[in-house]
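In what follows, residues are counted from 1 in the order of the sequence shown.
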Amino acid sequence: QVQLAESGGGLVQVGGSLRLSCQAYGLTSDLYRMAWFRQAPAKEREFVAAVSRINVSTYADDSVKGRFTISRDNAKKMAYLQIHNLKSEDTAIYYCAASMGGGRWTTTSGYDYWGQGTQVTVSS
């Protein structure tokens with residue numbers, strides 16, 4: 001079993017930066033892929049970014065890729081999401097997810113484990 005715990009969310013002004021962290025616990029050696037999703041109020045959970053065990057990453061789209069950076073530290077069992085130039089539309093609960101392998105990178109069904117989420121609120 002694997003448990004994931006996110007941290008680093010908070011209230012930030014437009015244009016600010018945040019670094020979200022995800023700590024993995026348990027049998028983490030088989031984790032192939034870690035990712036971040038987000039869910040805004042009244043919206044579906046959406047893919048943000050994912051990174052493989054060897055730090056190959058992918059992002060939702062160009063607007064995210066330019067401002068978001070996903071990374072991973074296998075030794076520390078951590079994944080990170082650095083966000084720059086925050087916009088009001090980035091307000092959401094951000095979830096860390098992990099996959100043992102297989103499945104699609106960009107869909108929720110491609111992940112086996114989820115954290116409880118961390119709230120990011122961007123104010124103008």
Side-chain angles (χ1 to χ4, degrees):
Q1 274 287 11
V2 174
Q3 295 82 42
L4 303 173
E6 303 96 335
S7 61
L11 176 62
V12 186
Q13 289 190 330
V14 170
S17 298
L18 275 178
R19 188 176 83 154
L20 306 182
S21 299
C22 174
Q23 176 73 65
Y25 300 93
L27 299 176
T28 61
S29 60
D30 294 330
L31 288 179
Y32 169 68
R33 185 170 69 247
M34 298 186 75
W36 290 92
F37 286 73
R38 66 184 180 184
Q39 188 166 17
K43 292 189 176 181
E44 292 187 354
R45 193 170 298 187
E46 64 176 5
F47 172 76
V48 175
V51 61
S52 74
R53 189 184 294 129
I54 56 172
N55 269 303
V56 173
S57 58
T58 188
Y59 297 88
D61 54 39
D62 288 343
S63 65
V64 170
K65 186 176 183 179
R67 299 185 296 118
F68 290 47
T69 303
I70 190 170
S71 61
R72 176 174 178 171
D73 187 328
N74 292 327
K76 295 182 179 180
K77 302 179 181 181
M78 297 286 294
Y80 305 96
L81 186 68
Q82 179 72 53
I83 312 172
H84 295 293
N85 190 23
L86 277 156
K87 304 178 179 181
S88 56
E89 53 263 40
D90 295 322
T91 295
I93 300 174
Y94 284 71
Y95 295 92
C96 178
S99 169
M100 305 296 282
R104 295 184 63 180
W105 283 52
T106 61
T107 60
T108 56
S109 61
Y111 294 85
D112 305 293
Y113 304 102
W114 292 86
Q116 294 297 309
T118 185
Q119 176 72 48
V120 172
T121 303
V122 184
S123 67
S124 56

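With hydrogens and angles ignored, the 3.5 Å screen pairs a side-chain donor or acceptor of Gln23 with a backbone N or O of Lys76. Between the side chain of Gln82 and the backbone N or O of Thr69, no donor-acceptor pair lies under 3.5 Å. When atom types are taken as modelled, the side chain of Tyr59 and the backbone of Ile70 share a donor-acceptor pair closer than 3.5 angstrom. Of the possible donor and acceptor atoms, none in the side chain of Glu46 sits under 3.5 Å from a partner among the backbone N and O of Arg38.
Taking the centre and axis of the six-membered ring of Phe37, the NZ or CZ atom of Arg45 falls outside the cone set by 45° and 6.0 Å.
Summarising the geometry, atom CG belonging to Asn74 is positioned 10.0 Å from atom CD1 belonging to Ile54; distances are rounded to the nearest 0.5 Å. For the atom pair OG of Ser17 and CZ of Arg67, the computed distance is 10.0 Å after rounding to the nearest 0.5 Å. The distance from the NZ atom of Lys87 to the OG atom of Ser124 is 14.0 Å, given to the nearest 0.5 Å. Note that the CZ atom of Arg104 and the OG atom of Ser99 stand 13.5 Å from one another [nearest 0.5 Å].
Taking every heavy atom of both residues into account, Gln119 and Ile93 meet most closely at OE1-CG1, 3.2 Å. A pairwise comparison of heavy atoms in Ala92 and Ala40 identifies CB-N, 3.8 Å as the closest pair. The two atoms that bring Ala49 and Leu81 nearest to each other are CB-CD1, 4.4 Å, heavy atoms only. The minimum heavy-atom distance between Leu4 and Ala24, with the atom names listed, is CD2-CB, 3.8 Å. Of all the heavy atoms in Gly26 and Lys77, the pair that sits closest is O-NZ, 4.0 Å. Thr108 approaches Trp114 most closely through the heavy-atom pair O-CZ2, 3.6 Å.
Between Leu86 and Leu18 there is a side-chain heavy-atom pair separated by less than 4.5 Å. Considering only heavy atoms from C-beta on, Ser52 stays 4.5 Å or farther from Arg33 through its side chain. Contact check for Gln39 versus Tyr95: side-chain heavy atoms found under the 4.5 Å cut-off.
Around the CD atom of Glu89, the shell of radius 6.0 Å holds more than 12 heavy atoms that belong to other residues, nucleotides or ligands. Within 6.0 Å of CD in Gln116 there are 12 or fewer heavy atoms belonging to other residues, nucleotides or ligands.
Note: the hydrophobic cluster containing Ile83 also contains Val14 (ILVMFWY, side chain heavy atoms under 4.5 Å, direct or indirect links). The hydrophobic cluster containing Met100 does not contain Met78, counting ILVMFWY residues as joined when their side-chain heavy atoms lie under 4.5 angstrom apart, directly or transitively. A continuous path of ILVMFWY side-chain contacts below 4.5 Å connects Val122 to Trp36, so both sit in one hydrophobic cluster.
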Open item on the list: Test side chain to side chain contact (heavy atoms under 4.5 Å, CB included) on Met34 and Cys96; report intermediate values, then the result.
Closed with: CA-CA 7 Å; Met34 298 186 75; Cys96 178; 4.0 Å; yes
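When each of Thr91, Leu20, Val12 is tested with Val120 by the rule side-chain contact (heavy atoms from CB on, under 4.5 Å), just one qualifies, namely Leu20.
A centroid separation of 6.0 Å or more is found between the aromatic rings of Phe47 and Trp105.
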